[in-house]
Number of protein chains: 2
Amino acid sequence: MVTIGEIAKAAGVSVSTVSKSLNGYQEISEKTRQKVKDVADKLGYTPNAAAQSLVLKKANTLGVVYEVEHGLKNLFFAAVLEAFRRYVQSKGYDILFLSNNTESKFDYLKHCQSKNVDGVLVMSTDESYDSVRKLVDSKLAVITLDPRDSTDNSIYSDSYHSIIKSTRYLYELGHRKIAFINGSYSNFVGQERLKGYLHFMQEKGLEPIYLKDHSNESYTFHEGYQTMKLLFENYGLPDAVCTVSDLMAMGAISYLHNHGYHVPNDVSVIGFDDLDICQICTPQLTTVRQDYEKIGVMAADALFHMLDQNVRQLEPMIIDTSIVVRDSCKKRTV
Amino acid sequence: MVTIGEIAKAAGVSVSTVSKSLNGYQEISEKTRQKVKDVADKLGYTPNAAAQSLVLKKANTLGVVYEVEHGLKNLFFAAVLEAFRRYVQSKGYDILFLSNNTESKFDYLKHCQSKNVDGVLVMSTDESYDSVRKLVDSKLAVITLDPRDSTDNSIYSDSYHSIIKSTRYLYELGHRKIAFINGSYSNFVGQERLKGYLHFMQEKGLEPIYLKDHSNESYTFHEGYQTMKLLFENYGLPDAVCTVSDLMAMGAISYLHNHGYHVPNDVSVIGFDDLDICQICTPQLTTVRQDYEKIGVMAADALFHMLDQNVRQLEPMIIDTSIVVRDSCKKRTV
C-alpha cells in the first residue's frame with residue numbers, strides 16, 4: 001500500500017501537508033490540496049479508514065445490536081434489517097454487527113466507543129440486559145426497534161390500533177366469537193396488542209376469549225398451535241381468531257385443519273406482520289401489514305438526522321399498519 | 001474518554017511507554033506493563049479500536065459481501081449467515097456488511113483495505129462483477145459461498161450428488177416419470193444439479209422430463225409454479241417431481257393443488273435446502289437438507305485458519321447433504 005510519505009516525496013511537500021490535505025484541513029491552500037490529491041490518485045493511494053476515523057471522528061459505519069431469538073432466521077426482524085441495510089448502504093455507510101462476546105463482555109457501550117461507530121440500531125428482544133440499557137441511555141445516537149417500554153428514540157408499529165383494526169375486520173365479517181392468540185405479557189408490544197383486543201371486545205359488549213395466564217414469548221408457529229389448542233379445549237370452536245403474528249396464525253390454522261376444521265369456511269384467522277410466506281402458505285393469509293420498508297428506512301433516517309443535527313432525543317416514531325386481504329378470512333354465513 | 005496522556009501522567013511514565021505497554025511490545029518490562037494496565041483499568045480507559053487496528057494491523061472484524069437477490073429475506077443465505085454470525089461473534093469478532101456504494105464505487109477490495117477488515121466472506125449470486133473477482137483474487141483472506149465456478153477458497157453443498165440422491169429417493173419409492181424443476185443454467189450450482197438429474201435418469205434408462213431452454217435464476221415459489229405449469233402442459237402429469245429449492249417445490253405443489261392433484265397421493269414432490277418453513281407448510285416438505293450450520297461455521301473457521309497460518313489458498317470445501325423425510329413424497333401405489 002502507498003504511504004503518505006511516498007505521496008509527500010512525489011508531490012514535493014511535507015508529510016504533515018499531505019496528511020492535512022487529505023483530511024480536509026482549512027489551512028491548506030486549494031492549489032496544494034489539488035496537487036496532493038492528484039499525486040495520491042496517480043499512486044493509487046487508499047486512505048486507511050482506521051486512520052481517517054481517528055482524525056475525522058467519523059467512521060461511516062452504523063452499528064447494529066442484534067439479539068433476536070432465531071437471529072437472522074427471525075423473518076420479521078430480518079425483513080426490517082434488510083430495508084435498513086439497503087438504505088444505509090445507499091448512503092455509503094457500512095453496517096457493523098456488534099458482537100456481544102468481546103473483552104468488555106456484553107458492554108455494548110464500551111464496544112461501540114471502541115469501534116468508533118457513528119450510531120447504533122438496537123434490535124433486541126431482551127432489552128433487560130443492563131448493557132443495552134446503558135447504550136440507549138448514553139450520548140451515542142441510538143434508535144431502538146420494538147422497545148421493551150415506550151421510550152424516546154424508538155420506532156415501532158402501532159400495535160394497539162392495529163389489533164383494534166384486525167379485530168374490527170373480523171367483526172365486520174359477521175364474527176362474534178372472536179378468540180385472541182396473544183404474544184408476550186411482559187413487554188410493551190405484547191401488552192399493547194392485548195389491550196387493543198380487550199378494548200374492542202368491551203366496546204362491542206363481546207366476551208373476550210383468550211388465555212389470561214399464558215404469555216407467549218417467541219411468536220412462533222408452535223406457540224400458535226399450542227395456544228389454539230388450549231383455546232379450543234377451554235372455549236370450543238370460535239368464529240374467528242385474531243393473532244399477533246403470521247407464524248402463530250399458521251400454527252392455529254394447522255391445529256384447526258388437524259382437527260377437521262376448514263379455514264376460512266369454518267373459522268376465519270387473521271395474522272400480523274405480512275411476512276413473504278403469507279403469499280405461499282395455504283390458505284394465503286389475510287393479515288395486518290407492518291411496513292418493514294418504512295420502519296427500516298425511518299430508523300436509518302432518524303440516526304442520520306441525530307448525527308447531522310447533533311440531537312440525541314427524538315419522539316417515538318409510531319408506524320401505521322394496514323389490513324392485507326387474502327384467503328384466510330370469510331364472511332360469516334350462518 | 002480517558003487518553004493515554006492521562007494514564008502516562010497517573011502512572012508516572014512516558015506516553016510512549018503507555019502506548020507500548022498497552023499494545024504488547026516486548027521491550028516493556030512485565031512490571032511496568034502491569035502498572036500501566038492497573039492505572040488504565042482504574043481510570044476506565046477504553047482502547048480505541050481504530051487506533052489499535054493501526055498498530056496491530058488486526059481489526060477483529062470480518063467483512064461480508066452480501067449481494068443476494070431478496071437480501072436478508074433470502075431464506076437460504078440468511079440461514080447460513082446466521083450460523084456464520086453466531087460462530088464469529090463467539091470468537092469476539094464483529095461482522096461488517098460491506099456497502100457497495102462507497103466512493104470507490106463497487107471496488108470491494110479498496111473498500112476492505114480501507115476498512116481494515118481481517119478477512120471476507122463473499123455471498124454473492126452475481127460474482128461476474130469484476131469487483132468481487134478482484135477481491136477473490138487479492139491477497140486478502142476470502143471465502144466464497146456457492147461460487148459461480150468451482151474454485152479454491154470456496155464452500156458449497158455437493159449439488160451433483162445431492163440431486164442424484166433425491167432422484168434416487170423418488171425412484172426407490174417406485175416412481176419412473178420423474179420430472180425436474182431446474183435452477184440456473186449459467187452458474188456452477190445450477191449446472192451441477194441438472195447434471196446429477198440427467199446422470200441418474202440415464203443410468204436407469206429413464207426419459208428425462210425437464211425444460212432444456214428455461215433457466216431459473218431466482219429459485220422462488222413463482223418460478224417453481226411456472227416451471228411446473230410448463231412441464232405439465234408439455235409432458236402431462238409426472239409421478240414425481242425433483243426440485244432444486246424448497247420454495248420451488250412449494251410453487252410446484254401449489255400449481256398441482258390448483259389443478260386438482262393431491263401431493264403426495266397423486267404426485268410426490270421433493271425440495272432442496274430444508275428451510276424452516278418446510279415444517280410449517282402443508283404438506284410438510286420432504287427435502288434435501290443443506291447443512292447451514294456446518295457451512296457457516298466452516299466458512300468462518302477457514303477464514304480464521306487463513307489468518308492464523310497466513311495461508312491464502314484452500315481447497316474447495318464441499319459439504320454433504322441428507323434427505324429429510326416428511327409428508328410430500330409417497331410410495332407409488334399403482
Taking C-beta and beyond as the side chain, do B:L121 and B:V65 meet within less than 4.5 Å on heavy atoms? no
Let me know if A:R86 has heavy atoms under 4.5 Å from chain B in its side chain, its backbone, both or neither. neither
In terms of heavy-atom pairs under 4.5 Å with chain B, which of A:H70, A:H222, A:H257, A:R85 leads? A:R85
Cut-off 4.5 Å, heavy atoms of chain B, and the answer for A:I253 is neither
Go through the atoms of B:L96 and report whether side chain, backbone, both or neither lie under 4.5 Å from a heavy atom of chain A. both
Going by atom types only, do A:D301 and A:Y87 share a side-chain donor-acceptor pair under 3.5 Å? yes
For A:L75, is it the side chain, the backbone, both, or neither that has a heavy atom closer than 4.5 Å to a heavy atom of chain B? side chain
Please determine, among A:V64, A:V88, A:T282, A:L98, the option with the most heavy-atom pairs under 4.5 Å with chain B. A:L98
Is it true that A:R326 and A:D274 make a salt bridge, defined as a side-chain N closer than 4.0 Å to a carboxylate O? yes
Passes ring pair (Phe, Tyr, Trp, His ring centres under 6.0 Å), B:Y255 versus B:H259? Steps please. CA-CA 6 Å; B:Y255 177 84; B:H259 291 76; 3.9 Å; yes
Determine whether B:L275 and B:Y292 satisfy the following criterion, side-chain contact (heavy atoms from CB on, under 4.5 Å), listing intermediate values before the conclusion. CA-CA 10 Å; B:L275 303 176; B:Y292 318 118; 3.6 Å; yes
Only pairs of heavy atoms separated by less than 4.5 Å count here; which of A:Y66, A:F97, A:F221 has the most with chain B? A:F97
Should A:D38 and A:K42 count as an ion pair when the cut-off is N to O under 4.0 Å? no
